[in-house]
Amino acid sequence: MKAILRRFIAVALLLQVIICVAGCSSKQEKKPKPKPQATAAVDNGNIDAQGKGEGQSDKPLVIGCGKLNKKFNPFTAKSEDDKQAVSLTQLYLVSSDRQGQVIYKGIDGEVKTYNGNNYTYYGPADIDVKYNKRKDETRYTISLRDDLRFSDGEQITIDDVVFTMYVLCDKDYKGSYKLGKQNIKGLLKYQKSKKTKRISGIKRIDNYKMSITTNGFSASMAEALKIPVCPLHYYGDTGKYNYNKERFGFKKGDISVICANKTTPVGAGPYRFVKYEEKIAYYASNEIYYKGCPKIAYVQLKEMREVLKAAQARIDREIKEVQGTAATGNAGTIEEAVLNHNPEALEMTEGTVDVINAVLDSEDISWVAHANSNNKISGNRIVTDFVPTGVYQYIGINAENVKTGKKPGSMQSKNLRKAFAAAFSAFRDSLYDYYKDGLCIIQYPCSSASWLCADKKDADYRQAYNKDINGGSIYSEDDDAEKKYEDVKSAVLSYLEAAGYTINGMSVSSAPAGAAMRYSIIVAGGEANPLYQLVSQAAALFQDIGMELDIIQANDEKLIGKRIENGRLQLWAGKHDTNTGSSLYKRYAGRDSLFGIKNKRLAELAGFADRPAKDKTRKKRYKRFYNNILEMAVEVPVIEQQEALLYSSSRIDTDTMAKDITVYYSWVNEIESVEMK
């Protein structure tokens, strides 16, 4: 069974916070502001409403997932599938566009351009961010729409937001939201002291406005505000809420009541939770959803693990049967007999599921294509969209352990690492055999869909490590394999010579002081790691020129992680989740940096890039920093993982699905607009 990626609403990676949001140009047309409007006879969104509005489809939309643990509480849901089950019912305070940029003017909407198309983004609130340089404080002012209601009809006010924030900031909170780890003024004192009754940095202004003040500035704060707005009247105790008396709906230090016996999630999202039964979560549309009643009345979130196992067993059984009868000459080819028999494709064509996410290799992609009459991955039965996940794979090189002499930042040391980087980078194309259409080669250490990488025509973006010692291209896309190999080998030798190695003809005879003729690279998972082939090709090239690159296969990823963090490795094949939103300084220049960089100037650039600034200014800072990282040659970006979103074009009106979806903006962000055929 192929692994299911269990994320449908992508966690927003917010690499930047825009202090001054650029206005939309007059040429960009804004879609009308959505208004909550019941299309069925409901009593203020009564929880007993059937979810059947005028013109809605009775045909349910079935979404596949992994395993549901039935922890359907927005405060306690931990697995991605449980979070998905909850998210269909929730309204989130902060949202992002397709490039991961914060939507600051959610109430009146913002128009953003992506992939040449203009898209309008709305949200439940406006966020105004102001940094005070003199005080070294950042103030986030949140203004909430005044026409929002939970699906049970109760009005949403800023008190629901304050209640939610206090729960997430309580010392008893153990969930996945990071608000309680931000540098909010007075937060640590509140968490550590029994006497302190309020968080000084969180202030209620009126029924629809509040502010949060942080010490300094952190790019991760905006991401931390992407929280559900949970109903105080349902999850908390309204009798224990009085803002002026410093009471916030529960007993400080004990959120057990909030977490207990709340397996039926309630919120202001597009759907209302109905029940969980037989490994399926059932939903009915929320007629008073602020962006309008969803076009599909009913949704099911269905566990697919056992279903796909059974499908795979069926496929294997049919293949054996065909192989057995083929010997007698009474059967056609296996391909004819088991057409469409990728388990995900099989369940889609047979109507078990309408939407599913999966990791597909080249063989899987071929089977999906067979399901369509045009023999392509998108056709009359299945449509396939590949979506970058924000998780990328890279080759790491520790500057302290791979250098010449005693200075990891010297030009000679950089050239040694560039020799490795050029070789690794050159063999990335070979990974197409493994991933086929599911491959996304990256040049910068960030998601290919991010605001930073929007301009794919940028010469620096396209070149990366395809540069020789003189700055020219080592190879072109038109080169055949033999020519490319020889050109790369020559470039590697040139870098090694510039690093101080002695070169005789096309081979290396000796290393300079502080360097070596033999290095090692550790690869987690060994041959099962997608980067293993690339590493093997690079190792073969170094062996060809008289050096050794030993490949160490290891299965204990935690142990490998510790060795990387401790700076004990020379080179390694790594993976980084950009969705964690860690700062540039922490990853590259801080005390816990993985790459052994001890460069004051680089540390300053990292801190400078993380500071608040306008969009264009911040982008320039990030690109300048990343170009410096490439110059140091400590990280070689290789590929970004992509998940395949498969959906049934025979049952879903594909024109109503969200377009240009990315890791930051899922199709579920516009689920209210999806229609069945």
Side-chain angles (χ1 to χ4, degrees), residues 394-427 464-471 474 485-523 531 534-552 554 560 563-574 588-589 593-602 627-638:
Y394 69 95
I395 302 296
I397 308 175
N398 188 288
E400 281 287 342
N401 301 332
V402 182
K403 64 184 178 183
T404 65
K406 296 182 179 180
K407 296 181 179 180
S410 70
M411 187 58 68
Q412 289 81 4
S413 293
K414 292 178 184 178
N415 285 329
L416 169 56
R417 295 191 295 270
K418 285 181 181 179
F420 285 108
F424 291 128
S425 181
F427 294 118
Y465 288 112
N466 181 19
K467 294 180 181 179
D468 60 27
I469 195 73
N470 298 313
I474 300 173
Y485 181 85
E486 292 301 323
D487 288 343
V488 173
K489 185 165 68 171
S490 296
V492 169
L493 285 167
S494 296
Y495 276 121
L496 291 172
E497 185 175 34
Y501 282 76
T502 302
I503 309 297
N504 290 321
M506 294 299 289
S507 65
V508 182
S509 60
S510 65
M517 292 290 289
R518 188 171 197 159
Y519 289 90
S520 63
I521 180 169
I522 192 165
V523 180
L531 299 193
L534 173 150
V535 172
S536 297
Q537 289 174 299
L541 184 146
F542 277 97
Q543 187 175 38
D544 194 10
I545 63 174
M547 290 181 64
E548 294 294 330
L549 178 60
D550 295 330
I551 303 175
I552 301 173
I560 295 172
R563 293 182 67 185
I564 294 172
E565 291 173 3
N566 294 335
R568 295 169 59 186
L569 300 181
Q570 293 176 329
L571 299 94
W572 68 93
Y588 295 102
S593 171
L594 310 178
F595 303 102
I597 301 174
K598 295 179 181 178
N599 185 298
K600 184 178 180 180
R601 175 58 178 162
L602 200 64
N627 286 334
N628 272 269
I629 289 295
L630 296 180
E631 176 63 22
M632 287 288 292
V634 293
E635 183 177 21
V636 184
V638 181

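None of these values were measured; they are calculated from a predicted model.
Scanning all heavy atoms of the two residues, the minimum distance from Y485 to D544 falls at OH-OD2, 3.0 Å. For the pair Q570 and V402, the tightest heavy-atom approach, listed with the atom from each and the gap, is O-CG2, 3.7 Å. The heavy-atom pair separating A422 from V488 by the smallest distance is O-CG1, 4.3 Å. When all heavy atoms are compared, the tightest approach of G405 to K403 is O-CE, 3.8 Å. Of all heavy-atom pairs spanning P637 and Y465, the tightest one is CD-CE1, 4.2 Å. The two residues F595 and G396 come nearest to each other via the heavy atoms CE2-CA, 4.2 Å.
The CD1 atom of I474 sits 14.5 Å away from atom NZ of K489, with the distance rounded to the nearest 0.5 Å. Note that CG of L496 is 11.0 Å distant from OG of S507, once rounded to the nearest 0.5 Å. The line from CE of M517 to CD1 of I545 is 8.5 Å long, rounded to the nearest 0.5 Å. For the atom pair R568 CZ and E400 CD, the distance stands at 15.5 Å (nearest 0.5 Å). Put simply, CD on E548 and CD on Q543 are 5.0 Å apart, with the number rounded to the nearest 0.5 Å. To the nearest 0.5 Å, the span separating NZ on K418 from NZ on K467 amounts to 8.5 Å.
If you run side chain to side chain contact (heavy atoms under 4.5 Å, CB included) between F420 and each of I395, L549, V636, only L549 comes through. When each of L531, L541, V638, I521 is checked for a side chain to side chain contact (heavy atoms under 4.5 Å, CB included) with F424, only I521 meets the rule.
With hydrogens and angles ignored, the 3.5 Å screen pairs a side-chain donor or acceptor of N401 with a backbone N or O of L569. The backbone N or O of D468 lies less than 3.5 Å from a partner atom in the side chain of Y495, making a donor-acceptor pair. When atom types are taken as modelled, the side chain of S413 and the backbone of T404 share a donor-acceptor pair closer than 3.5 angstrom. Within the 3.5 Å criterion, the main-chain N or O of L594 finds no donor-acceptor partner in the side chain of Y588.
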- Is there a side-chain contact (heavy atoms from CB on, under 4.5 Å) between Y519 and L416 once you walk through the steps? CA-CA 11 Å; Y519 289 90; L416 169 56; 3.5 Å; yes
